[in-house]
Amino acid sequence: MTGSTKPPRNTGMQLRFVQTGGVGGVKLVAEINTSQLPPSETASIEHLVDAALAEAPPKTETSRVRDDLQYEVHVTRGGTTTSFHASERDLAPNVAALVKRLAERAEPRR
Amino acid sequence: MAIYSQRPTCIVPPDLLKRLILEGDSEVRVRALETLSLDISVRQARAEIAGRRDFDTRPLGSLVDAGGTPNRVIHDQAQATTGVGAVARGEGQPASKDSAVNEAYDGLGATYKFYWEACRRDSIDAAGMLMDGLVHYGTNYNNAMWDGDQMLFGDGDGLLFTRFTASLDVIGHELTHGVTQYELNLVYSSQAGALNESMSDVMGSLVKQYALKQTAPQADWLIGPDCVGPKLKPALRSMKAPGTANSYDNQPADMDGYVKTMEDHGGVHTNSGIPNHAFYLLAIKLGGNAWERAGRIWYETLRDPKLRPNSGFRSFASATVRQAGIIYGTSSAEVSAVREAWSAVKVL
Ligand SMILES: [Zn+2]
């Protein structure tokens with residue numbers, strides 16, 4: 001036990017990622033608490049979340065795309081949840097990068 | 001072989017066509033030119049005209065019943081998700097060393113053959129549209145889709161999915177999204193969206209059954225058995241037994257299980273299980289080749305001018321009864337079988 005010189009413990013972000021649609025119609029879910037990730041990954045994923053949230057929301061025009069993957073991302077931080085929804089053919093660059101990271105950790109759910 | 005189209009056809013002599021090109025008003029000239037020309041550039045122009053949807057191109061299709069030969073272009077995306085990759089194989093070119101390229105080429109060919117021989121339909125737009133297939137879309141990409149103009153095929157990550165080009169029913173499914181866009185153009189949301197999805201599964205399955213020469217009882221009625229990885233085996237969906245295709249399949253087989261959700265455009269890939277199962281029940285009841293009677297009724301329903309793009313299950317079901325009556329007579333066994341199928345899934 002040392003003195004109280006450590007910075008306050010990072011409580012992290014809770015991330016919930018849900019992918020639906022696609023020709024398979026398979027639902028994939030990832031639930032991540034960034035504080036439980038290796039420190040280097042925590043920083044990079046939190047940075048990516050902030051960058052994605054700061055991006056302009058995607059267009060909502062009627063699309064002719066069929067079987068597109070749909071993504072929902074819910075970010076909970078300090079008791080507040082922010083969510084967004086996007087289609088794979090309509091992703092802003094940082095959202096695309098975040099979705100790619102989260103999808104790698106997602107598993108099928110009924 | 002079933003011929004679905006009831007529209008009359010007549011052959012216009014080439015001399016008359018030439019005169020129309022020289023003397024007709026602009027629309028007549030465009031149409032006469034299209035009729036005479038079969039080269040790729042004219043077919044592309046024709047597809048664009050058809051794609052505008054501000055006038056019906058069908059009278060031309062029936063004026064001179066050209067067609068019967070596919071026009072495929074397979075592009076290698078080399079993992080890109082934007083733009084269109086280099087042409088890897090065009091119509092009539094020899095096989096590539098790349099199996100995904102050849103599978104897409106052959107699968108689009110089999111789909112074209114089904115629509116032409118069984119439905120008397122000349123490609124996606126019924127006017128000879130070029131069929132563009134983009135393979136190796138994305139990196140280990142777990143999806144295939146129709147983007148409004150062309151078909152995109154990922155390679156899969158090997159766990160959830162393997163390469164989508166290996167699945168003939170999925171190729172038929174994607175191309176049918178194009179056919180639906182040019183016909184009823186069902187809205188991609190809730191019940192209309194589930195009907196859009198179901199139409200793609202029905203026709204995708206029929207493309208496979210037609211290629212394998214399988215009767216309704218012989219068919220597996222599975223979607224995607226050839227593109228699922230170990231986590232999703234044995235298939236994506238079952239028209240015979242919705243909800244049983246893999247451990248995560250939650251498709252309902254009837255209206256008691258209808259899922260109200262905001263996800264996936266209102267559950268379009270979930271509730272499609274209901275019309276899928278109705279089609280399966282009809283095909284089994286009628287027996288024989290599913291594309292001949294059940295398929296013909298569904299295809300004519302997709303072209304029913306009384307239906308609207310936002311049609312729900314009940315309107316669509318009523319239209320299938322109406323079409324069965326037009327084709328086979330209102331007191332036919334086919335009409336009874338259609339009613340029974342929709343009643344079994346608790347739609348009618
Ligand atoms: Zn689809």
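In what follows, every heavy atom counts, from backbone to side chain, and hydrogens, waters and symmetry copies are set aside.
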By residue number, those in residues 236-245 of chain B with heavy atoms under 4.5 Å from heavy atoms of chain A are B:Leu236, B:Arg237, B:Gly243
Would you mind checking which part of B:Leu152 comes under 4.5 Å of any heavy atom in chain A, side chain (CB onward), backbone (N, CA, C, O), both or neither? side chain
Among A:Thr20, A:Val18, A:Val26, which residue forms the greatest number of heavy-atom pairs with chain B at distances under 4.5 Å? A:Thr20
What part of A:Arg109 gets closer than 4.5 Å to chain B, counting heavy atoms only: side chain, backbone, both or neither? backbone
Which residue pairs pass the salt bridge (charged side-chain N to carboxylate O under 4.0 Å, His left out) test with at least one member in residues 223-233 of chain B, sequence neighbours excluded? A:Glu107-B:Lys231
Among residues 255-271 of chain B, which ones touch chain A with a heavy-atom distance under 4.5 Å? B:Glu263, B:Asp264, B:His265, B:His269
Only heavy atoms, only distances under 4.5 angstrom. Which residues in residues 167-176 of chain B are near chain A? B:Val170, B:His173, B:Glu174
Proximity breakdown for A:Lys100 and chain B, heavy-atom pairs closer than 4.5 Å: neither
Could you look at B:Thr82 and say if it's the side chain, the backbone, both or neither that has a heavy atom under 4.5 Å from chain A? neither
Sidechain N-carboxylate O distance under 4.0 Å for A:Arg89, B:Asp147: yes
Which region of B:Gln251, side chain (C-beta onward) or backbone (N, CA, C, O), has a non-hydrogen atom less than 4.5 Å from a non-hydrogen atom of chain A, or is it both or neither? neither
Which bit of B:Leu232 is near chain A, if near means a heavy-atom gap under 4.5 Å: side chain, backbone, both or neither? side chain
Check this for me, if you would: do B:Asp249 and A:Arg110 make a salt bridge, where the nitrogen-to-carboxylate-oxygen distance has to be below 4.0 angstrom? no
